[in-house]
Structure formats: structure tokens, C-alpha cells
Amino acid sequence: MALPFTAPSRGGNAWLCVGLASSFPNIIESGSTILSEHLDSCNGKGSTPGCKVFYVPTADSSQARPVEGDAILRSEGGGLRDQVLVFKYKGKIHAIDNRCPHSAYPLSEGVPADIEDFGIAFSASLTCPKHGWTFDLFSGRADRANYKLRLWEVQLRPRADGQAMAADGDGDGPEKDEEVWVRRKQRMG
């Protein structure tokens, strides 16, 4: 017998480990880097993409898998509807739907930038390259119309293997390295 006032479990809302915080290059230049382009890696061993994309089925997030390259647009990438885009902009890790809510274009091709007023940055955004609209990375709101980008929850957790330090990209010494976990934001009510 089901208990009253309990919601059924949503299988697609489980937490997903997407890698170590050090595996995400820190994009610090506002409006200058397309997320999917290769950036010089933090450890100097070549280049890494500025973002990661994962296919996370709505029904069962345990079936999540990384999506790379052109597979983002093809059927083996699972379609844009169930993809999460994870990247680090100015030291903060963001996780959002990879699908533009206006034009269904992959936001992994977008450019992160600051939202400024009189030269003071008060938020961060991502610009869709298809139509030029920007979406606030903290609220999901579009700069035009009433479209809203779906945001994912992000948690930084201690590493499961017990190692706590990673080489710092600045050469100043080791920095604390943590695992990055994401999940779809929970609906209230």
C-alpha cells in the first residue's frame, strides 16, 4: 500500500559523476571562447575540449554516457533533448541542457560571457550561436522573450579514490581536486 503524500521516485534524477574538477579548463575570457573548441589544457599536455557533453536518459540516468564530436547532433548522441553540457567559467562549474530552448541548437557551440552593467559583471551567460540570444547561467532566463534554459544541480565531492590534490595549472603548487556530480534540478511540488 502506497503512503499518502509521497511522490514516486524519478529514475532520471540520480546524481551522475562527470569527472574531476581539474579536468575542466577554466574559461576566464568573457565572450572569447566557443565551448566546444579545444583549449590549452591546464597541465600543458596538449588540448582538451572546454566542455563535456553527456547523454542522460530522462527515464534512467544510470544509462548516462559521454557524447563527443559530431555524435552530439546524430542519433547515437541520444538527441539534444537528453544531453547535459558541463563546463567551468571563471572558476564556477555550470551544468545546463545542451539544447537551446528557443531553436533546439547545441549550446556546446555557444560562447560564455559576463552580463555587465556599466562595466560591472553581475552574472554570467551563454550565447546561442544560431540566433545570438543569451541565457543567464544562474537563472536560465533568456535576454529576449520568455524562454528559459534548464539548469542542472552541481555538487563538488571529495574524490572516491582518497586522493585530494591535483597539479595546479598556475604552477603555484597543488590545489584541492574534487569530483563533479550533476543531476537534473528537482521540481518542487
Side-chain angles (χ1 to χ4, degrees), residues 6-27 33-39 41-43 47-101 104-110 112 124-126 128 135-140 148-166 169 175-189:
T6 58
S9 175
R10 294 181 178 109
N13 291 335
W15 287 96
L16 166 70
C17 182
V18 295
L20 296 175
S22 62
S23 68
F24 293 91
N26 190 14
I27 302 168
T33 304
I34 297 173
L35 288 175
S36 63
E37 286 183 352
H38 291 273
L39 304 170
S41 71
C42 297
N43 58 16
S47 64
T48 58
C51 65
K52 294 182 182 180
V53 177
F54 293 86
Y55 168 69
V56 184
T58 305
D60 185 9
S61 61
S62 68
Q63 302 297 317
R65 65 181 186 275
V67 181
E68 297 178 358
D70 294 338
I72 289 172
L73 295 173
R74 295 195 311 264
S75 60
E76 63 264 22
L80 289 173
R81 183 172 301 280
D82 290 329
Q83 290 180 4
V84 60
L85 168 65
V86 186
F87 62 97
K88 187 190 291 187
Y89 179 63
K90 294 198 172 181
K92 171 122 174 75
I93 296 179
H94 299 276
I96 60 173
D97 273 0
N98 191 32
R99 180 178 182 262
C100 174
Y105 196 78
L107 291 175
S108 57
E109 298 295 319
S125 67
L126 186 66
C128 177
F135 298 91
D136 188 298
L137 292 174
F138 296 97
S139 69
K148 189 167 182 183
L149 177 63
R150 187 164 186 199
L151 307 176
W152 289 53
E153 294 180 73
V154 177
Q155 277 187 359
L156 297 177
R157 300 180 184 177
R159 290 177 63 164
D161 62 8
Q163 296 180 358
M165 301 302 222
E175 68 178 18
K176 187 175 179 183
D177 198 11
E178 298 172 304
E179 292 178 337
V180 178
W181 290 75
V182 299
R183 77 171 176 180
R184 287 182 175 87
K185 276 207 171 174
Q186 303 294 298
R187 291 186 311 157
M188 303 309 272

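Values below: every heavy atom of this structure, side chains too, minus hydrogens, waters and symmetry copies. Along the sequence shown, the residues carry numbers beginning at 1.
The closest donor-acceptor contact from the side chain of D177 to the backbone of S22 lies under 3.5 Å. A distance-only check finds no donor-acceptor pair linking the side chain of D136 to the backbone of S125 [under 3.5 Å]. Checked by atom type and distance alone, the side chain of N26 pairs as donor or acceptor with a backbone atom of G91 at under 3.5 Å.
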Quiz prompt | Worked check of side chain to side chain contact (heavy atoms under 4.5 Å, CB included) between V182 and V56 | solution = CA-CA 11 Å; V182 299; V56 184; over 6 Å; no

Self-check item: Intermediate values then yes/no, side chain to side chain contact (heavy atoms under 4.5 Å, CB included), I27 and L35
Solution: CA-CA 9 Å; I27 302 168; L35 288 175; 3.4 Å; yes

Quiz prompt | V18 and V84: CA distance, side-chain angles, deciding distance, side chain to side chain contact (heavy atoms under 4.5 Å, CB included) verdict | solution = CA-CA 10 Å; V18 295; V84 60; 5.5 Å; no

Practice problem: Apply the test side chain to side chain contact (heavy atoms under 4.5 Å, CB included) to residues L151 and I96: give CA-CA distance (whole Å), side-chain angles for both, the deciding distance (0.1 Å), then the verdict. | Solution: CA-CA 4 Å; L151 307 176; I96 60 173; 3.6 Å; yes

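Distance check: C51 SG to Y89 OH gives 15.0 Å after rounding to the nearest 0.5 Å. To the nearest 0.5 angstrom, L149 atom CG is 9.0 Å from S139 atom OG. In this structure, CG in N98 is found 10.5 Å from CH2 in W152, a value given to the nearest 0.5 Å. Of the inter-residue distances, the one linking E179 atom CD with S23 atom OG reads 10.5 Å to the nearest 0.5 angstrom. Atom CZ of R99 and atom CG of D82 lie 10.0 Å apart (nearest 0.5 Å). If you take NZ on K52 and CD on Q83, they are separated by 15.5 Å, rounding to the nearest 0.5 Å.
The two atoms that bring V86 and A95 nearest to each other are CG2-CB, 4.2 Å, heavy atoms only. Nearest approach of C128 to Y105, heavy atoms of both residues: SG-CB, 4.1 Å. Minimum interatomic distance between I34 and S108 (heavy atoms only, all atoms of both residues): CG2-O, 4.3 Å. Across F24 and V180, no two heavy atoms sit closer than the pair CE1-CG2, 4.0 Å. Counting all heavy atoms, side chain and backbone alike, P57 lies closest to Q63 at CG-CB, 3.8 Å. Contact between P101 and F135 at its shortest, heavy atoms only, is CG-CE2, 3.5 Å.
Other residues, nucleotides and ligands contribute only 12 or fewer heavy atoms inside 6.0 Å of the CD atom of E68.
A salt bridge links E153 with R183: the distance from a Lys NZ or Arg NE/NH1/NH2 to an Asp or Glu carboxylate oxygen falls below 4.0 Å. Under the 4.0 Å criterion applied to side-chain N and carboxylate O atoms, R184 and D97 are not assigned as salt-bridge partners.
L137 is listed as a side-chain neighbour of F87, based on a closest heavy-atom distance under 4.5 Å.
Classification of the H94-F138 ring pair by plane angle, with boundaries at 30° and 60°, yields perpendicular.
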